[in-house]
Amino acid sequence: MIYALCLTLFLVGLYGVCCKKNLVKIIIGFMIMDYAVNLFLITVGYKKSGIAPILDSTMNINYFAAKSVDPLPQALVLTAIVIGLGVTAMMVAVAIRIYEKHGTFDVTKIRKLKG
Amino acid sequence: MTETFITIFLVFMILAAVVALEARELLSTVIAVGAVGFMLSVIFLFLRAPDIAIVQIVVEILTLVILVRATISRDTHFFEDEREFFPFAINIVMIMVFLIFAFWAVKTLPRFGLNFSKVAPYYLTKGLAQTGAANIVTSVILDYRAYDTLGEATVLFTAVLGAVALLRRKAKAAENKNG
């Protein structure tokens, strides 16, 4: 159920990337796909009635290993979120430059202008 | 219980995403995508990932600032006509094909909440002794996979450098025009 909803969110983003004319909306569709993939990876690492992977001094280590959620997807998604920010900033910079050159965010009009 | 909350928040996220893509004004689009991001960070809290939730909030605020900078005081009029029909239809067909394969692939995954990872117990039992970090996510990021983090810093630096270079040319051109 939750996997299917993540997939739906990804498809909403894909629809935005494919079918929208506005450059900002294309960027936002990309961001939504990014969110959906991150959420999906964290969801795969979840354990039912689990605890956060942070040790307590009173906690037995075997109990902790049995109860804690998977730390590996969390660490890698942390990396992916920050890289997503960098990619979004780059795309927005390109979009601002395109707007300054052509005076519009409409991709079909940008395609028709030459030079 | 957790599953119910996550499902509700995910439905709201999907609704906010649709609003973001269909809104008429670009500024409301940006605000709706902010709602999507903050709900995502709440879901991360429910999934017992506090580090990710904090990072998501910070990143979301920065993204909103960047997007508002891009959209405010610009031509935000609504493009009412969609793209040409033929590419649109091809896109829909491709999305359907993707949907079929994705549901097929999701079926092979273990059910929600039954994590079967074989590496996780190693990190969880030996993380404290080997790295001295009580937070296992930190020990994975900064010790076991430190080269990944170095690569991440490189990618981030390159992206920021590219963005600055792209926006910088305009400033220099304006200086030349004035001077």
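Protein chains get the first letters and strands the later ones, always in sequence-line order, with residue 1 at the start of each. Predicted model only: the values in this text are computed from it and were never measured. In what follows, every heavy atom counts, from backbone to side chain, and hydrogens, waters and symmetry copies are set aside.
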- Check whether any side-chain heavy atom of T43(A) sits under 4.5 Å from a side-chain heavy atom of I6(B), and report yes or no. no

- Go through the structure and list residues passing side-chain contact (heavy atoms from CB on, under 4.5 Å) with A32(B), not counting sequence neighbours. V19(B), A20(B)

- Among the options A65(A), A75(A), S68(A), pick out the one with the most heavy-atom pairs lying under 4.5 Å from chain B. A75(A)

- Task: Go through V44(A), T8(A), I28(A) and name the one with the most non-hydrogen pairs under 4.5 angstrom from chain B.
- Result: I28(A)

- Note on the structure: By residue number, those in residues 140-147 of chain B with heavy atoms under 4.5 Å from heavy atoms of chain A are V140(B), I141(B), R145(B)

- Message: Less than 4.5 Å to any heavy atom of chain A: does that hold for the side chain of T125(B), its backbone, both, or neither?
- Response: both

- Nearest-0.5 Å distance, CE of residue M13(B) to OH of residue Y35(A): 8.0 Å

- Please flag which part of I51(A) lies under 4.5 Å from any non-hydrogen atom of chain B: side chain, backbone, both or neither. backbone

- Derivation and outcome, side chain to side chain contact (heavy atoms under 4.5 Å, CB included), residues N135(B) and L55(A): CA-CA 6 Å; N135(B) 188 344; L55(A) 260 171; over 6 Å; no

- Item | Set of ring-ring contact (aromatic ring centres under 6.0 Å, His included) partners for F30(A), sequence neighbours left out | none

- Message: Please find the pair of heavy atoms, one from P50(B) and one from A52(A), that lie closest to each other, and give the distance.
- Response: CD-CB, 3.8 Å

- Under the 3.5 angstrom rule, does the side chain of K25(A) hit a backbone N or O of A23(B) as a donor-acceptor pair? yes

- Query: chain A: which of I136(B), L21(B), D148(B) shares the most heavy-atom pairs with it under 4.5 Å?
  - Reply: L21(B)

- Supply the atom-to-atom distance E152(B) CD to L78(A) CG, rounded to the nearest 0.5 angstrom. 7.0 Å

- Query: Heavy-atom distance under 4.5 Å to chain B: side chain of L5(A), backbone, both or neither?
  - Reply: both

- Query: Given that the side chain runs from C-beta out, which part of Y123(B) has a heavy atom under 4.5 Å from chain A: side chain, backbone, both or neither?
  - Reply: side chain

- Item | Test item: M31(A) and L67(B) side chains (from C-beta on) under 4.5 Å apart, heavy atoms | yes

- Item | I14(B) portion near chain A, given a 4.5 angstrom heavy-atom threshold | both

- Task: Pick whichever of L47(B), V18(B), I92(B) has the most heavy-atom pairs under 4.5 Å with chain A.
- Result: L47(B)

- Query: Given that the side chain runs from C-beta out, which part of V24(A) has a heavy atom under 4.5 Å from chain B: side chain, backbone, both or neither?
  - Reply: side chain

- Is it true that L10(B) and L45(B) fall in one hydrophobic cluster, defined by side-chain heavy atoms closer than 4.5 Å? no

- Run the numbers on R69(B) and I96(A) for side chain to side chain contact (heavy atoms under 4.5 Å, CB included), then give the verdict. CA-CA 9 Å; R69(B) 160 74 180 79; I96(A) 289 174; 3.9 Å; yes

- Side-chain heavy atoms under 4.5 angstrom apart, residues restricted to Ile, Leu, Val, Met, Phe, Trp, Tyr: same cluster for I54(B) and V137(B)? no

- Of the listed residues (T149(B), I95(B), V119(B)), which shares the most heavy-atom pairs with chain A below a 4.5 Å separation? I95(B)

- In this structure, OG of S41(B) is separated from CG of L39(A) (nearest 0.5 Å) by 11.5 Å

- Item | Toward chain A, the part of V160(B) with a non-hydrogen atom under 4.5 Å | neither

- Task: Check whether the ring centres of F10(A) and F98(B) lie less than 6.0 Å apart, and answer yes or no.
- Result: yes

- Max heavy-atom pairs within cutoff under 4.5 Å with chain B, candidates P53(A), G29(A), A80(A), goes to P53(A)

- Message: Heavy-atom pairs under 4.5 Å with chain A: which of A17(B), G162(B), P121(B) has the most?
- Response: A17(B)

- Of the listed residues (V87(A), V94(A), I54(A)), which shares the most heavy-atom pairs with chain B below a 4.5 Å separation? I54(A)

- With a 4.5 angstrom heavy-atom cut-off, which part of L109(B) approaches chain A: side chain, backbone, both or neither? side chain

- Part of V155(B) within contact of chain A (heavy atom distance under 4.5 Å): side chain

- R48(B) side chain vs G50(A) backbone, donor-acceptor pair below 3.5 Å: yes

- Name the member of G84(A), G86(A), P71(A) that forms the most heavy-atom pairs with chain B at distances under 4.5 Å. P71(A)

- Task: Scan residues 23-48 of chain B for pairs that pass ring pair (Phe, Tyr, Trp, His ring centres under 6.0 Å), counting only residues two or more places apart or in two chains.
- Result: F5(B)-F46(B), F9(B)-F46(B)

- Query: When rounded to the nearest 0.5 angstrom, what distance separates NZ in K67(A) from CG in L124(B)?
  - Reply: 13.5 Å

- Is it possible for you to say whether V30(B) and I57(B) belong to one hydrophobic cluster, with membership spreading through side-chain heavy-atom contacts below 4.5 Å? yes

- Message: Could you tell me if Y46(A) and E3(B) have a donor-acceptor pair between their side chains, going purely by distance under 3.5 Å?
- Response: no

- Choice from I27(A), T88(A), T79(A), V92(A) maximising heavy atom contacts with chain B below 4.5 Å: T79(A)

- Is I42(A) linked to I8(B) within one hydrophobic cluster, defined over Ile, Leu, Val, Met, Phe, Trp and Tyr using a side-chain heavy-atom separation of less than 4.5 Å? yes

- Item | Between CE on residue M91(A) and CD1 on residue I66(B), distance to nearest 0.5 Å | 10.5 Å

- Considering all heavy atoms, the nearest A89(A)-A163(B) contact: O-CB, 4.1 Å

- Single-linkage hydrophobic cluster, 4.5 Å side-chain cutoff, I83(A) and L62(B) together: yes

- Query: What part of A95(A) lies closer than 4.5 angstrom to a heavy atom of chain B: side chain, backbone, both or neither?
  - Reply: neither

- Task: Could you tell me which portion of I52(B) (side chain, backbone, both or neither) has an atom closer than 4.5 angstrom to a non-hydrogen atom of chain A?
- Result: both

- Rounding to 0.5 Å, atoms CG (L128(B)) and CZ (F64(A)) come to a distance of 9.0 Å

